[in-house]
Amino acid sequence: MSVIYQYIEHFNGKVVKIDKREAYVLDNFYYFILPTGESEQAHLEREWLASYLEQQNYLRVAKPIKSINGSFVTQDQDKSYVCLQAMKHPYEIKNSETRLAEFHQVAIGYPYMPRFISVYGSWQSLWEDKLTLFEAYYQNQLDMRPVSRYQRLLVDTFPYLIGLTENAIQYVQEINHETRFTEMDQGCITFQRYTNQLDKPFIFSNEFIFDHPARDIAEYIRPLLFRKDGKQQIVEILQTYEKTSPLSVFGWELLYARLILPIHLFDFIDRSSNYFDKEETYLNYRQMLDNQLYYEEQLRTFFKDNKIDVFKNRIHQLDW
């Protein structure tokens with residue numbers, strides 16, 4: 001418990017578990033000590049975002065607080081930590097897509113452009129950087145001996161991942177000239193990877209990033225693309241979302257571009273970098289690749305399924 005004392009000098013509360021996270025509770029406040037690799041400025045900007053959301057009645061936001069030494073980030077045994085503070089508040093029961101759309105309607109009203117946590121308008125360069133890093137990683141795997149079944153499969157399928165990424169980069173490059181915007185295409189408070197965080201007891205601001213709302217929508221529906229029966233659910237989710245927050249042509253194009261990028265496969269490779277030799281890693285990756293058949297099929301008919309006329313709206317789609 002040493003880190004909590006750097007934020008609450010005479011802490012005498014209790015420790016509880018909330019949604020698999022450890023929290024310190026004192027005077028109805030919950031404190032979460034989380035590891036961080038980010039700068040002081042990044043956490044300051046997230047504190048501003050969290051404060052804005054609190055003003056808009058999002059009272060469940062866990063926001064960074066400063067230590068007794070006046071900094072957001074503290075050190076303990078050569079590791080960096082940040083402390084988030086929150087209070088529990090009741091919230092309405094509603095479907096997840098409506099909750100996300102309403103959040104975006106509020107979050108897009110944040111009046112400033114963050115400097116350290118904004119990736120708005122930067123997808124092309126970020127994906128190019130990601131591609132460069134993973135190509136280097138691929139070359140390193142080629143030279144390794146001996147290799148596990150997972151590593152052999154990774155090497156065999158990596159050109160496929162590179163091809164998808166290049167397609168996504170080219171698609172974003174083409175829509176950079178799009179002019180069919182609405183006010184919902186401005187920068188917005190979003191999540192690094194949206195996994196229904198708005199449905200949880202607390203909204204963790206350390207997961208905030210400033211980007212286009214399409215980022216969250218894509219990550220929300222991405223898991224359904226792996227499922228044979230996911231198509232109709234995606235249609236219903238997007239229809240419900242648009243009742244609150246309609247997508248522009250540009251929004252639909254950005255959503256499609258982000259779905260082309262195999263983020264799910266790259267994330268898996270990142271998570272598995274220390275588990276080369278485990279058979280479970282191989283089997284999970286094999287299953288993900290098998291599910292790509294459903295994923296590609298749904299992307300092939302994505303606009304048609306959602307009743308978006310690509311010819312009338314002059315929308316480019318991949319020729320799979």
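- A heavy-atom distance below 4.5 Å is found between the side chains of Tyr282 and Glu279.
- Looking at heavy atoms from C-beta onward, Arg258 lies in side-chain contact with Trp123 at the 4.5 angstrom threshold.
- Comment: Glu297 engages Arg300 in a salt bridge, judged by a side-chain N to carboxylate O separation of less than 4.0 angstrom.
- Closest heavy-atom contact between Ala214 and Leu254: CB-CB, 4.0 Å.
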Practice task
List the steps and the verdict of ring pair (Phe, Tyr, Trp, His ring centres under 6.0 Å) for Phe226 and Tyr294.
Solution key: CA-CA 5 Å; Phe226 306 133; Tyr294 304 129; 9.5 Å; no

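- The side-chain heavy atoms of Tyr194 and Glu207, taken from C-beta on, include no pair separated by under 4.5 Å.
- A 4.5 Å side-chain heavy-atom check between Gln292 and Leu164 finds at least one atom pair inside the cut-off.
- In terms of heavy-atom proximity, Met184 sits nearest to His212 at O-NE2, 4.0 Å.
- Remark: aromatic rings of Tyr7 and Tyr31 are distant, center separation not under 6.0 Å.
- Of the candidates Phe210, Phe103, Phe204, Tyr220, Phe191 forms a ring-ring contact (aromatic ring centres under 6.0 Å, His included) with just one, namely Phe103.
- A salt bridge between Asp19 and Arg21 is absent, with no side-chain N of the basic residue lying under 4.0 Å from a carboxylate O of the acidic one.
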Exercise for the section: Report the C-alpha separation of Val73 and His43 in whole Å, then their side-chain angles, then the decisive distance to 0.1 Å, and conclude whether the side-chain contact (heavy atoms from CB on, under 4.5 Å) test is met. Expected result: CA-CA 8 Å; Val73 180; His43 292 295; 3.5 Å; yes

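- Salt-bridge formation is not detected for the pair Arg152/Asp156: no Lys NZ or Arg NE/NH1/NH2 atom is positioned less than 4.0 Å from an Asp or Glu carboxylate oxygen.
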